[in-house]
Asks: 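Mind looking over this structure? Questions follow.
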Amino acid sequence: MARILLTHALRRRLPVVLGMLLVLLATPLPAVADPPLPYRWHEEFLTTPDGLRLHADVLRPSGLPDDARTPVVLTVSPYRAHLAYLTEPRPGGGPSTTDLPVDMFLAAGYTYVIADLRGFGGSTGCPDFGGPGERSDVHTAVEWAAAQPWSTGRVGLLGTSYEGWTGLMGLATHPDGLAAVAAFEPVVDPYSYLYMQGISWKFSGKPVTENGIRPADLAGLEHLLISATPPHPGDSPEYRANAARAPLECAPPYLAGIMNHDGATDFWRDRDLVDRLRGNTIPLFLGQGFVDYNTRADRIFRLWNGLGPGEHRAWFGQWGHRTCHVDCGTPQFDTELLAFFDRHVAGRDVEVPGPRITVGQFDGRWRAEDAWPPADSRTVTMPLRTGDYTDRGFPPGPDREIWSVSQPSAEDQHLSGAPVATVTAAGPPDATVAVELYDVAPDGLATVITRGIAPVGAGQIRLLAQDWPIPAGHRIAARITDVVDDVWSHAPAFARVSVTAASVDLPLLTEIRRPGLTGAVTDGIVKWRAEKITAIRPDVLNNDTVTVSFPNRTGDR
């Protein structure tokens, strides 16, 4: 009943919000002639198996004959409406290329195609958040692009965030002509994107209650608002007709699926791509930031390690929701990306430079790996202290936490992988248990390494992955608490939780690394160091101690 009432409440609010958006975006704009562009542009409409019409912008290198065949780079997106990119008005209209490496690929002789998912831009239909309709759209767009007279028949999907998710949808549906995919900061499983082991991630500016409206509930509303973006006055008649949608018609089934908090429903299970991509051999260039606040360093590594044989590449490091095109101090990123497409999509006789996996460590140095977590990442179990804490939420206090602090390490250590905590606890089923790991300097200042959360009865708590050197003389601390207030949304149980046994498995490298790749200290590191640091109380450092069998590191990489 609560969910039904909530759905009705959102449906009552949706027309008002949509109306405000329409007033903002529908302000009359002059029809603009094609601006001087470094490419020739035309648009196409293609038909899906279920009868919808998808819009695509086709960008061709200037001076190229109409019948010249080229390899194709394709981005399939919900965000590329002619009038607005996300919520950013575009008064000039035309193809939306913000943050896409269009110029690089056009200069290299590719055709670049930007296709709108159903329910967005100039396409008809209703969005379905990575469901069978959107997967079909990606399949349709790839096979259409491969079959065009200006195409060599080989297509590469490319994108970041949702547009990276659509690339993975392409891998899951095996369209003819798909030669390679580059997906950066993608969604791999929308349920784990919105929840960590059933607990809602907190997104800025969104409600903070765990019962009723959760932050995750508004993901559907946001996409319906984007779907409501009207056409640009200069758009073609079919584009304008297709964009004249009534998102309220799409809302009930769409919101009902997204607002169901049970990750075991068919809606969520159908959209999980981790197992769907197991054994994939189509070359994948994958990127994920360890400090990404949006798509977090979680189940993507299970996807990566489940791939089949193939010339896959990955970049894992200390950046947020972006690629390393800029801001990482890695000029080799674009070179590797273009070479990856040249080899696998254009079929050119080139080698892709660089290692199989580029890793950005939290100390700002960069190294090469053949696997991640690396093959010499060994599990070291850190015992954790037991006791009671109160699941009561904000404000903080010692009654909400149980600390454990290791002895100083005699030599440098290096955490590389995803820690897993095991906690035996008794408490009400609506209580939670979170575990945070810290790197503790000799002066007692501690920086968060990673964290995870689960319901109190889960037993195991999965922590986010990281790659973090720990200098000699530092200690590792673990904090058991109810919830990290600025990370997850959780309604307090107002009850005591008794922890009777606890430990955390630390993935520590046994071989010494000598990083040698080009790269800078990213702004992600700077921001994390500024925001995720705390002074641990002296009584905790002196009394709440445990002993960890740190590895003696040998070898030299």
Side-chain angles (χ1 to χ4, degrees), residues 25-26 29-46 53-64 66 68 70-124 137-138 140-142 144-146 148-151 155-164 166-167 170 182 184 226-245 323 325 341 345:
L25 294 179
L29 296 169
V32 178
D34 289 348
L37 299 171
Y39 50 77
R40 292 186 299 125
W41 160 56
H42 71 277
E43 61 184 1
E44 301 269 6
F45 292 90
L46 40 152
R53 293 283 280 172
L54 302 183
H55 168 264
D57 290 314
V58 180
L59 285 54
R60 299 267 287 168
S62 296
L64 196 68
D66 291 342
T70 73
V72 179
V73 178
L74 170 64
T75 296
V76 185
S77 178
Y79 298 145
R80 302 286 169 178
H82 286 177
L83 187 63
Y85 171 63
L86 290 177
T87 56
E88 184 179 306
R90 301 181 62 254
S96 173
T97 61
T98 303
D99 298 327
L100 294 177
V102 170
D103 291 349
M104 180 176 76
F105 281 103
L106 290 175
Y110 291 78
T111 295
Y112 205 115
V113 178
I114 303 169
D116 298 326
L117 284 172
R118 61 182 59 205
F120 296 99
S123 298
T124 60
D137 293 347
V138 178
T140 298
V142 170
W144 172 85
Q148 295 309 297
W150 37 258
S151 168
V155 178
L157 286 163
L158 183 149
T160 302
S161 191
Y162 207 122
E163 296 168 350
T166 60
F184 304 107
I226 294 169
S227 174
T229 304
H232 186 277
D235 279 324
S236 66
E238 182 169 0
Y239 190 109
R240 294 199 305 270
N242 294 351
R245 288 178 293 268
T323 72
H325 171 63
F341 274 77
V345 181

Asks: Going by an N to O cut-off under 4.0 Å, is there a salt bridge joining Arg240 and Asp235?
Replies: no

Asks: As an exercise, state the distance from CG of Leu86 to OG1 of Thr98, rounded to the nearest 0.5 Å.
Replies: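 Going from the CG atom of Leu86 to the OG1 atom of Thr98 covers 9.0 Å.
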
Asks: Rounded to the nearest 0.5 Å, how far does CG of Leu100 lie from OG1 of Thr160?
Replies: 8.0 Å

Asks: Short question: side chain of His232, backbone of Pro91 - any donor-acceptor pair under 3.5 Å?
Replies: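 Here the side-chain-to-backbone pair exists.
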
Asks: Using only atom types and a distance under 3.5 Å, with no angle test, would you say the side chain of Thr70 pairs donor to acceptor with the backbone of Thr111?
Replies: yes

Asks: Between Glu43 and Ser236, is any pair of side-chain heavy atoms under 4.5 Å apart?
Replies: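 In short, these two side chains touch, coming nearer than 4.5 Å.
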
Asks: In Å, rounded to the nearest 0.5 Å, how long is the span from CZ of Arg118 to CG of Asn242?
Replies: 13.0 Å

Asks: Quick one: does Asp137's side chain have a donor or acceptor within less than 3.5 Å of a partner on Leu117's backbone?
Replies: no

Asks: Quick one: does any side-chain atom of Tyr79 pair with a main-chain N or O of Tyr162 as donor and acceptor, under 3.5 Å?
Replies: no

Asks: Can you measure from CG (Leu74) to CD (Glu163) and round to the nearest 0.5 angstrom?
Replies: 10.5 Å

Asks: Looking only at heavy atoms, what is the nearest atom pair of Val72 and Ser151, with distance?
Replies: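 Minimum heavy-atom contact is CG2-OG, 3.7 Å.
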
Asks: Looking at side-chain heavy atoms only, is the closest gap between Leu83 and Pro231 below 4.5 Å?
Replies: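 No, side chains not in contact.
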
Asks: Answer yes if the side chains of Trp41 and Asp57 hold a donor-acceptor pair under 3.5 Å, and no otherwise.
Replies: yes

Asks: Any idea which heavy atoms bring Ala84 and Thr229 closest together, and the distance?
Replies: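 Nearest pair, atom of Ala84 first, then Thr229: CB-CG2, 4.0 Å.
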
Asks: Passes side-chain contact (heavy atoms from CB on, under 4.5 Å), His82 versus Ser96? Steps please.
Replies: CA-CA 6 Å; His82 286 177; Ser96 173; 5.9 Å; no

Asks: Using the side-chain contact (heavy atoms from CB on, under 4.5 Å) rule, take Tyr110 and Val345 through it: C-alpha gap first, then chi angles, then the decisive distance, then the call.
Replies: CA-CA 10 Å; Tyr110 291 78; Val345 181; 4.2 Å; yes

Asks: Would you sort out whether Val76 and Leu54 count as a side-chain contact (heavy atoms from CB on, under 4.5 Å), showing the intermediate values?
Replies: CA-CA 10 Å; Val76 185; Leu54 302 183; over 6 Å; no

Asks: Between atom OG of Ser227 and atom CZ of Phe120, what is the distance when rounded to the nearest 0.5 Å?
Replies: 5.5 Å

Asks: Within the distance-only criterion (no hydrogens, no angle test), does the side chain of Arg53 pair as donor or acceptor with the backbone N or O of Gly122 below 3.5 angstrom?
Replies: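 Side chain of Arg53 to backbone of Gly122, a donor-acceptor pair under 3.5 Å: no, none is there.
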
Asks: So do Trp150 and Asp66 actually touch side chain to side chain, heavy atoms under 4.5 Å?
Replies: no

Asks: Hey, mind stepping through Leu157 and Thr166 against side-chain contact (heavy atoms from CB on, under 4.5 Å) and telling me if it holds?
Replies: CA-CA 8 Å; Leu157 286 163; Thr166 60; 5.6 Å; no

Asks: Give, for atom OG of Ser123 and atom OH of Tyr239, the distance between the pair rounded to the nearest 0.5 Å.
Replies: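 Here the rounded value is 8.0 Å.
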
Asks: Where the side chain of Arg80 meets the backbone of Thr75, is there a donor-acceptor pair that is under 3.5 Å apart?
Replies: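 Such a contact is absent between Arg80 side chain and Thr75 backbone.
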
Asks: If you look at every heavy atom in Pro71 and Gly109, which pair is closest and at what distance?
Replies: CD-O, 3.8 Å

Asks: If only atom types and distance count, is the side chain of Arg60 paired as donor or acceptor with the main-chain N or O of Tyr112 below 3.5 Å?
Replies: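 Looks like no, no N/O pair under 3.5 Å.
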
Asks: Measure across Leu46 and Ala56 and return the closest heavy-atom pair with its distance rounded to 0.1 Å.
Replies: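 In terms of heavy atoms, the two residues are closest at CD2-CB, 4.0 Å.
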
